[in-house]
Amino acid sequence: MMKKLKKLLILVRPHEKLEKKTSGGIIIPATIRDKAEDMYGTVEAVGASSEQYIMEVKPGDEILFVQKPGHIEIDKCKLIHMDDVMMVL
């Protein structure tokens, strides 16, 4: 029997370089930009929300996320959990 996982998964395409300023006007310090390799990306796809689990990002959002060894790579994208998202830019 197949069972749906109750996890909020996000597919993110990491950017190679973090810009100095986001489109929303947030200035990102050089100390973070230097360490943010593979921690900044664009949301490509998101899992479904439910009454208990609400997805807080949508495709096209730019995010900062926590880099963890358990992230799965799929075609130059990373599969991460909603809890790993630090900020929507």
Side-chain angles (χ1 to χ4, degrees):
M1 180 176 173
M2 294 180 72
K3 192 176 182 181
K4 184 178 176 183
L5 296 176
K6 294 181 181 175
K7 296 201 179 217
L8 300 175
L9 298 177
I10 304 166
L11 191 62
V12 178
R13 182 171 305 278
H15 295 281
E16 292 185 18
K17 190 172 183 179
L18 187 60
E19 299 297 323
K20 292 180 182 180
K21 192 174 183 181
T22 69
S23 59
I26 298 172
I27 297 172
I28 301 172
T31 52
I32 292 176
R33 285 195 315 269
D34 294 342
K35 295 177 184 177
E37 209 172 281
D38 290 338
M39 290 176 45
Y40 166 65
T42 302
V43 176
E44 295 289 321
V46 297
S49 293
S50 69
E51 288 180 17
Q52 287 182 318
Y53 304 98
I54 299 170
M55 187 60 70
E56 297 177 33
V57 297
K58 61 186 180 308
D61 282 350
E62 306 264 321
I63 62 169
L64 280 176
F65 59 94
V66 176
Q67 179 71 1
K68 289 187 179 175
H71 290 163
I72 299 169
E73 293 209 19
I74 303 169
D75 192 30
K76 296 184 181 179
C77 290
K78 293 183 185 264
L79 190 61
I80 68 170
H81 192 272
M82 184 66 216
D83 290 343
D84 296 337
V85 175
M86 293 186 289
M87 176 188 301
V88 178
L89 304 172

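All residue numbers in this chain count up from 1 along the given sequence.
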d(H71 NE2, I80 CD1) to nearest 0.5 Å is 5.5 Å
From CG (D83) to CD (E56), nearest 0.5 Å
9.0 Å
Nearest heavy-atom contact between F65 and V12 is CE2-CG1, 3.7 Å
Within this structure, what is the CG-CE distance for the pair L9 and M55, rounded to the nearest 0.5 Å?
7.0 Å
For residues C77 and L11, report the shortest heavy-atom separation together with the two atoms involved.
CB-CD1, 3.7 Å
Given K58 and V43, is the side-chain contact (heavy atoms from CB on, under 4.5 Å) satisfied, shown in steps?
CA-CA 7 Å; K58 61 186 180 308; V43 176; over 6 Å; no
Find the distance between CE (M39) and CE (M86) and round it off to the nearest 0.5 Å.
3.5 Å
Test item: D61 and V46 side chains (from C-beta on) under 4.5 Å apart, heavy atoms
no
